[in-house]
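Reading through the structure tokens given below for one structure.
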Amino acid sequence: MMPPEQETASITTATSNIGPSSIVLADWTETLTVHAEPSVSSVNNMSSCSQDDQTFQAQREPVLSRFTILTASLRPVTLKFADVACTVSLSTKGNWLTSSEPKSTRTVLNGVSGIVRPGELLAMLGPSGSGKTTLLTALAGRLSGKVSGTITYNDQPFSSSTKRKTGFVTQDDVLYPHLTVLETLTYAALLRLPKKLTEEEKKEQAEWIITELGLSRCRHSVVGGPLFRGISGGERKRVSIGHEMLVNPSLLLLDEPTSGLDSTTSQRIVATLRGLARGGRTVITTIHQPSSRLYMMFDKVVVLSEGCPIYSGMASRVMEYFESLGYSPGFNFMNPADFLLDLANGLVPDTRSQDDQLGLHGRLDHHDDQNSVKQSLISSYKKSLYPVLISEIIRNDQGPVLSSSSLGSSEVQWTTSWWKQFKVLLRRGLQERKHESYSGLRIFQVMSVSILSGILWWHSNTSHLQDQVLLPCSLRSEFQALCKLAA
Ligand SMILES: Nc1ncnc2c1ncn2[C@@H]1O[C@H](COP(=O)(O)OP(=O)(O)OP(=O)(O)O)[C@@H](O)[C@H]1O
């Protein structure tokens, strides 16, 4: 069979005629056409940028980025990772007396390789605990020190300019619960957009993101938190994505953007991600259990089983690859993602009836059987896919280098001054806490403790710092008790 990576050339050609400035997003206002679940054979024959892509492109209007400075900051990023491994040390039980015992370690990732080009959407699949989030975090440059192997961005190691052009959407968002959607994105725009843009232009960019992500209906609703309700889960996810989209990142990484969402909302989110990719970005996402509709939108997939890869390459070639190894889905209409998850768990589907299947799954529940399937898939990957991937990774077919020197002065002008940041943060802090009631006594309490603490550390000797640290805490708690009595 043709190695999966050989298809890469076709997708690069397909995306190259889309200007880097264009962003093609899912239309959140229109009702999406619901497709029937495709058969496995149709998924097999699918080319990632073929018919489905044309339908997608036809359905959605390309939208140009508004500000030239943001458009110009988009630099195509080719992300390559080879033999990525990660070992974590497990905390040992016991007390400080036994702390001299050697710490036990656990390999969370082992020998994962892949390549993602601008215009491509890569999905990481695997059972829970297989290492998807760890790999995504490593690719985002947030696990330095714990990771071995090579991760490069346009053949360069991770740098501060790569960081500036990388958007990372975590699984658990960190949004301010009392701010509205508009306030959340406006403050983010004021803090993160280049200082060349005026305040009005930054607000305009926040408004534009709200429209693009279909958040107009809930723009004045509060985000909400664990103790009180705000916007829905899907809207929340879109706010998190919008938070990263504001700066027009060249590399966008998302951890389970569709978890807990219904299939239509999930499809819209993945369509949005694919639109972003087609606009010249490199998009990587982890996903738990995509439907076959979602699966068809991915250009590439990495399938992990207990931290080891069993597949890395084009999404459209996956069934062909596993069939060549003698593993085929039990029935014609099986979702390829379900099939891959079964394989990653060491479960081999069978062509027997469903009742028999249950029996078979019960039989294969034996650890030995499952482990031998996993081991066979890992060694097949090493034998047939890994050499092709590595030669692809080594081949030097780079776009523009994303280094600080090439970014020049425009990059230096990006950051907002500290005074401006302070003002925005103060305003945001006050707005977030405006629901709390402020009494004169409370303000007096905070001011007094701040002044007392300031006096305490005024011209203090750093060698006596430890003695002084606990004093303000005890002062504050006694003062609080006094204030409660007085209130
Ligand atoms: N710092 C750490 N200390 C101990 N174990 C860790 C650490 N980081 C990751 N792990 C373990 O590594 C494995 C992979 O974790 P990871 O979060 O990457 O999995 P995942 O595939 O994203 O799972 P899920 O789909 O459930 O989010 C898990 O078993 C996790 O417990």
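Basis for what follows: all heavy atoms, side chains included, without hydrogens, waters or symmetry-related copies. Counting starts at 1 for both ligands and their atoms, in listed order.
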In terms of atom number and element, which parts of ligand 1 are under 4.0 angstrom from non-hydrogen atoms of His288?
-> 25 (O)
Does some side-chain heavy atom of Thr282 sit less than 4.5 Å from a side-chain heavy atom of Lys165?
-> no
Would you say the side chain of Leu254 lies within less than 4.5 Å of the side chain of Val283, judging by non-hydrogen atoms?
-> yes
Tell me yes or no: between the side chains of Ser376 and Tyr327, is some donor less than 3.5 Å from an acceptor?
-> yes
How close does the nearest protein non-hydrogen atom get to atom 14 (C) of ligand 1, and which residue and atom is it?
-> Gly129 O, 3.4 Å
Tell me which protein heavy atom sits closest to atom 10 (N) of ligand 1, plus the residue, atom name and distance to 0.1 Å.
-> Val108 CG2, 4.1 Å
Min N/O separation Val88 to ligand 1 under 3.5 Å | no
Return the residue, atom name and 0.1 Å-rounded distance of the protein heavy atom closest to atom 30 (C) of ligand 1.
-> Arg106 NH1, 4.1 Å
Name the closest protein heavy atom to atom 17 (O) of ligand 1, giving the residue it belongs to and the distance to 0.1 Å.
-> Thr133 CB, 3.6 Å
Which atoms of ligand 1 have any heavy atom of Pro127 under 4.0 Å away?
-> 21 (O)
Got Leu343 and Val303 here, is their nearest side-chain heavy-atom distance under 4.5 Å?
-> no
Would you indicate whether Gln431, at its atom CD, is surrounded by more than 12 heavy atoms from other residues, nucleotides or ligands within a distance under 6.0 Å?
-> yes
For atom 26 (O) of ligand 1, the protein heavy atom that lies nearest, with its residue and separation | Ser128 OG, 2.6 Å
Determine, using heavy atoms of Gly131 and all atoms of ligand 1, whether some pair is separated by less than 4.0 Å.
-> yes
May I ask whether Met124 places a heavy atom under 4.0 Å from ligand 1?
-> no
Top protein contact for atom 25 (O) of ligand 1, by heavy-atom distance = Lys132 NZ, 2.9 Å
Using distance alone, with no hydrogens and no angle criterion, decide if Ser266 and Ser263 have a side-chain donor and acceptor under 3.5 Å apart.
-> no
Closest non-hydrogen protein atom to atom 16 (P) of ligand 1, residue and atom name please, with distance?
-> Thr134 OG1, 3.6 Å
Can Gly307 be said to touch ligand 1, with heavy atoms closer than 4.0 Å?
-> no
Note, Arg238 side chain near Arg268 side chain (heavy atom, < 4.5 Å) = no
Using a strict 4.0 Å cut-off to heavy atoms of Glu256, name the atoms of ligand 1 that fall inside it.
-> 25 (O), 27 (O)
Name of the residue among Thr285, Thr133, Thr137 meeting side chain to side chain donor-acceptor pair (under 3.5 Å) with Asp255 | Thr133
Which atoms of ligand 1 have any heavy atom of Ser130 under 4.0 Å away?
-> 19 (O), 21 (O)
Do Glu183 and Tyr176 have side-chain atoms, one donor and one acceptor, less than 3.5 Å apart?
-> no
Answer yes or no: does atom CZ of Phe158 have more than 12 heavy-atom neighbours from other residues, nucleotides or ligands under 6.0 Å?
-> yes
